Q: 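What follows is a single structure, and I will ask about it in a moment.
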Amino acid sequence: MAVFAHPDDEAFSVGGTLAHYARRGVKVVLVCATRGEAGKMTDPSMTVTDLGKQREGELLVACEALGIPAPIFLDFHDSGRAERVRHDDPKALMNVDVFELEAAIRPLIEEHQPQVLVTFDPHGGYGHIDHLQVHRATTAAFYSTGHLPRPPQRLYYTALSHQAAEGMARFGMDLDPLLYSVSDKSVVVHMDVSRYAGHKKAALAAHGTQMGPESRMGQLSQEDREMMEQRLLGSENFSLGGSRASVPRYPLGGLFDGVDYVMYVEDSMGV
C-alpha cells in the first residue's frame, strides 16, 4: 500500500516500483489523500472548470499506464502552495488534525492487509505541508495497527539521493540537497526500474495539468529535460521507517526481502 497526498506524487516517487510489483502479482493499493484541488495549472491550452475532478481523472489514467488498480481517495483537500494556500479550508490537509488523517488510513490497512507500506520521507520530498502530514499520519498508522492479526510488516519512505537532489536544485527546485536528500547508507532498497521507464513516463504525461509548458519540467531545455527524466525514470530509492520482520541483509534486495510470509498462511494449511 502506497499512501501519498496528491495525484502525480505516485508517478514521481514510486511509479516504477508499483508497476514492477503489480507485474509480479503483488496486490497494489494506492491511497491518495486529496484530489489536488489547489494545484498549479501549468497548461494554458487546457480548459478546466473543476481542477480536482480533472486531476482525479488524470490519476486514473496514470494508474492504467502503470498497470495498477484505480486509487482510493480519502476526500481531504489540497492545501496549495504560495498564492494558492487554502488557510481557511478546514478540509485542507494543513488544517486537518494528523490523528484524523491517521484514523482515515487505519481502516484501509485493516481491510487490505498490506505487508508493506510506502509513503513520503520525513521531509516530505521537498517540504510540502501536505506531504509532511501524510508522512506523519502513515507512520503513525503503521505503528497503531501493530495489534491487528495481519499488521503491515515494513514501512518504507521514499528517499531522494544527494545526486538527485543536487540535480533538482540546479533545475530550479528551491531545496538544500544536504537537508532534503539522504546518504547512500540510508538507502535500504534501491529499485532499478529502467525497464518500466516507458510506463512511468506515460504516467507522468497523464498528469497534463501539472506537466504542461508552464511546469518546471516544461520550462527546461530539451537537454536538461532529458537529464531530469533520466534521473526520475531509471531508479527509485527507499529508506526504512519501521519493520516487524527480520532484516536479513543491508541493503535489502527489494521491498519484500525478508518479509515473513508464514504469518499469512491460513491455519488450514497446517502451518
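Residues: numbered from 1 along the sequence shown. Just so it is clear, the structure is predicted and the values come from calculations on it, not from any experiment.
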Q: Taking side chain as C-beta onward, heavy atoms only, is His77 less than 4.5 Å from Thr34?
A: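 Of all side-chain heavy-atom pairs linking Thr34 with His77, none is under 4.5 Å.
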Q: So which heavy atom on Ala38 is nearest to which on Asp78, and how close?
A: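 Minimum heavy-atom contact is N-OD2, 3.2 Å.
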Q: For residues Cys63 and Leu30, report the shortest heavy-atom separation together with the two atoms involved.
A: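 Smallest heavy-atom distance, with atoms named: SG-CD2, 3.8 Å.
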Q: With a cut-off of 6.0 Å (strictly less than), are more than 12 heavy atoms of other residues, nucleotides or ligands near CG of Asp97?
A: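 Result for CG/Asp97: enclosed.
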Q: Test of understanding: clusters of I, L, V, M, F, W, Y form through side-chain heavy atoms closer than 4.5 Å, transitively. Do Val189 and Val182 belong to the same one?
A: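 Shared cluster, no.
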Q: Does Asp9 use its side chain to pair, donor to acceptor, with the backbone of His6 at less than 3.5 Å?
A: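 Yes: the side chain of Asp9 pairs with the backbone of His6.
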Q: For Ala203 and Ala62, work out which heavy atoms get closest and say how close.
A: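 The answer is O-CB, 3.7 Å.
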Q: Between Lys200 and Glu236, does any side-chain N to carboxylate O distance fall below 4.0 Å?
A: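 Salt bridge between Lys200 and Glu236, a charged N being under 4.0 Å from a carboxylate O: yes.
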Q: Is it the case that one hydrophobic cluster holds both Val96 and Val85, taking links as side-chain heavy atoms less than 4.5 Å apart, direct or via other members?
A: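 Unlinked, Val96 and Val85 end up in two clusters.
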Q: Hey, does Ser45 have a side-chain heavy atom less than 4.5 Å from the side chain of Asp43?
A: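 When only atoms from C-beta onward are counted, Ser45 and Asp43 do touch, with a gap below 4.5 Å.
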Q: Look at the side chain of Arg35 and the backbone N and O of Glu56, then say whether any donor-acceptor pair between them is shorter than 3.5 Å.
A: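 Not a single qualifying donor-acceptor pair exists.
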Q: Does Pro7 reach the side chain of Pro71, with side-chain heavy atoms less than 4.5 Å apart?
A: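 Side chain of Pro7 against side chain of Pro71, heavy atoms only: no contact under 4.5 Å found.
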Q: Heavy-atom distance under 4.5 Å between the side chains of Met211 and Thr42, does that happen here?
A: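 No. Closest side-chain heavy atoms not under 4.5 Å.
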Q: Inspect the surroundings of NZ in Lys91 and state if more than 12 heavy atoms from other residues, nucleotides or ligands are less than 6.0 Å away.
A: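 Yes, enclosed.
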Q: Atom CD of Gln113 and atom CE of Met1: how far apart are they, to the nearest 0.5 Å?
A: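 Result: 10.0 Å between the selected atoms.
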Q: Would the number of heavy atoms belonging to other residues, nucleotides or ligands and lying under 6.0 Å from CZ of Arg84 be above 12?
A: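 Yes, CZ of Arg84 has more than 12 neighbouring heavy atoms, counting only those of other groups under 6.0 Å.
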Q: What distance do Arg154 atom CZ and Gln115 atom CD have between them, rounded to the nearest 0.5 Å?
A: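 Here the rounded value is 10.5 Å.
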Q: Go through Leu233 and Leu204 one step at a time and tell me if the side chain to side chain contact (heavy atoms under 4.5 Å, CB included) criterion holds.
A: CA-CA 10 Å; Leu233 302 178; Leu204 286 166; 4.0 Å; yes
Q: Do the side chains of Val98 and Leu93 join up, straight or via other hydrophobic residues, at under 4.5 Å, putting them in one cluster?
A: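 Cluster IDs for Val98 and Leu93 differ.
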Q: Do Leu178 and Tyr157 land in one hydrophobic cluster if side-chain heavy atoms of ILVMFWY residues count as linked below 4.5 Å?
A: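 In one cluster with Leu178: Tyr157, no.
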Q: Can you name the nearest heavy-atom pair linking Leu18 to Ile68, along with the distance?
A: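 Heavy-atom minimum between the residues: O-CG2, 3.8 Å.
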Q: Closest approach of His131 and Ala5, non-hydrogen atoms and distance?
A: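 What the structure gives for the nearest pair is CD2-CB, 3.8 Å.
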Q: Once you round to the nearest 0.5 Å, how far does OG of Ser186 lie from CG of Leu160?
A: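 The distance works out to 12.0 Å.
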Q: Is the closest side-chain heavy-atom distance between His207 and Leu59 below 4.5 Å?
A: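 Answer yes - side chains close enough.
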Q: Donor-acceptor pair, Gln210 side chain versus Gly39 backbone, under 3.5 Å?
A: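 A pair under 3.5 Å: no.
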Q: Side chains of Ser79 and Asp130: is there a donor and an acceptor less than 3.5 Å apart?
A: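 Their side chains do contain a donor-acceptor pair, which is all the 3.5 Å distance test asks for.
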Q: Kindly compute the distance separating OH (Tyr21) from CZ (Arg23), expressed to the nearest 0.5 Å.
A: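 Interatomic distance, Tyr21 OH to Arg23 CZ, rounded to 0.5 Å: 14.0 Å.
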Q: Do Thr209 and Glu58 have side chains that get closer than 4.5 Å, going by heavy atoms?
A: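 Thr209 reaches Glu58 side chain to side chain.
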Q: Just by modelled atom types, is the Asp8 backbone N or O under 3.5 Å from a matching donor or acceptor in the Arg55 side chain?
A: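 It does not hold such a pair.
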Q: Closest heavy-atom contact between Ala104 and Leu74?
A: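 Ala104 and Leu74 have their closest heavy atoms at O-CD2, 4.0 Å.
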Q: Output yes when Glu102 and Arg106 qualify as a salt bridge under the 4.0 Å nitrogen-oxygen rule, no when they do not.
A: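 Answer for the salt bridge query: yes.
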Q: May I have the step-by-step check of side chain to side chain contact (heavy atoms under 4.5 Å, CB included) for Met191 and His20, ending in yes or no?
A: CA-CA 9 Å; Met191 294 288 295; His20 170 75; 3.7 Å; yes
Q: Determine whether more than 12 heavy atoms belonging to other residues, nucleotides or ligands lie under 6.0 Å from atom CG of Asp184.
A: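 Counting other residues, nucleotides and ligands, CG of Asp184 stays at 12 neighbours or fewer.
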Q: Nearest 0.5 Å, what's the CZ-CG distance between Arg86 and Asn95?
A: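 It is 11.5 Å, given to the nearest 0.5 Å.
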Q: Does any N or O in the side chain of Thr138 come within less than 3.5 Å of the main-chain N or O of Val134, such that one atom is a donor and the other an acceptor?
A: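 Yes: the side chain of Thr138 pairs with the backbone of Val134.
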Q: With side chains defined as the heavy atoms from C-beta onward, is the minimum distance between Leu155 and Leu240 less than 4.5 Å?
A: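 No, their side chains stay 4.5 Å or more apart.
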Q: From Phe238 CZ over to Thr17 OG1, what is the distance, rounded to the nearest 0.5 angstrom?
A: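 These two atoms lie 3.5 Å from each other.
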Q: Step by step, would you call His123 with Leu179 a side chain to side chain contact (heavy atoms under 4.5 Å, CB included)?
A: CA-CA 8 Å; His123 288 99; Leu179 178 63; 3.5 Å; yes
Q: Parallel, tilted or perpendicular: which fits the ring planes of Tyr196 and His199, with parallel below 30° and perpendicular above 60°?
A: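 If you compare the ring of Tyr196 with that of His199, the planes turn out tilted.
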Q: Between Phe4 and Phe120, does the ring centroid distance fall short of 6.0 Å?
A: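 Yes, ring centres under 6.0 Å apart.
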Q: Are Leu132 and Val14 linked, directly or through intermediate hydrophobic residues, by side-chain heavy-atom contacts shorter than 4.5 Å (ILVMFWY only)?
A: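 Looking at the clustering, Leu132 is in a separate group from Val14.
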Q: Give the C-alpha distance, both sets of side-chain angles, the deciding distance and a yes or no for side chain to side chain contact (heavy atoms under 4.5 Å, CB included) between Glu100 and Phe76.
A: CA-CA 10 Å; Glu100 180 182 349; Phe76 294 100; 3.7 Å; yes
Q: Do Tyr156 side-chain atoms and Leu255 backbone N/O form a donor-acceptor pair below 3.5 Å?
A: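 Answer holds: yes.
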Q: Would you say Ser246's side chain and Pro248's backbone share a donor-acceptor pair under 3.5 angstrom?
A: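 Judged by distance alone, no pair lies under 3.5 Å.
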Q: For Val187, does its backbone N or O pair with a side-chain atom of Asn237 as donor and acceptor, under 3.5 Å?
A: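 Pair absent, no side-chain N/O of Asn237 close to backbone of Val187.
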Q: Each residue besides Val48 in its hydrophobic cluster should be listed here, by chain and number; the cluster joins Ile, Leu, Val, Met, Phe, Trp and Tyr at side-chain heavy-atom distances under 4.5 Å.
A: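 In the cluster with Val48 are Met41, Met46, Leu51.
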Q: Verify whether one side chain among Gln153 and Ser243 offers a donor that lies under 3.5 Å from an acceptor in the other.
A: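 Gln153 vs Ser243: no donor-acceptor pair found between side chains.
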Q: Without swapping roles, check the side chain of Ser13 against the backbone of Glu10 for a donor-acceptor pair under 3.5 Å.
A: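 No.
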Q: Just so I know, are the side chains of Ser181 and Ser161 near enough to count as touching, which here means a heavy-atom distance under 4.5 Å?
A: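 With C-beta onward as the side chain, the pair stays apart.
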Q: Could you check whether any side-chain N or O of Arg244 sits under 3.5 Å from a backbone N or O of Pro152, counting only pairs where one atom can act as donor and the other as acceptor?
A: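 Here the side-chain-to-backbone pair exists.
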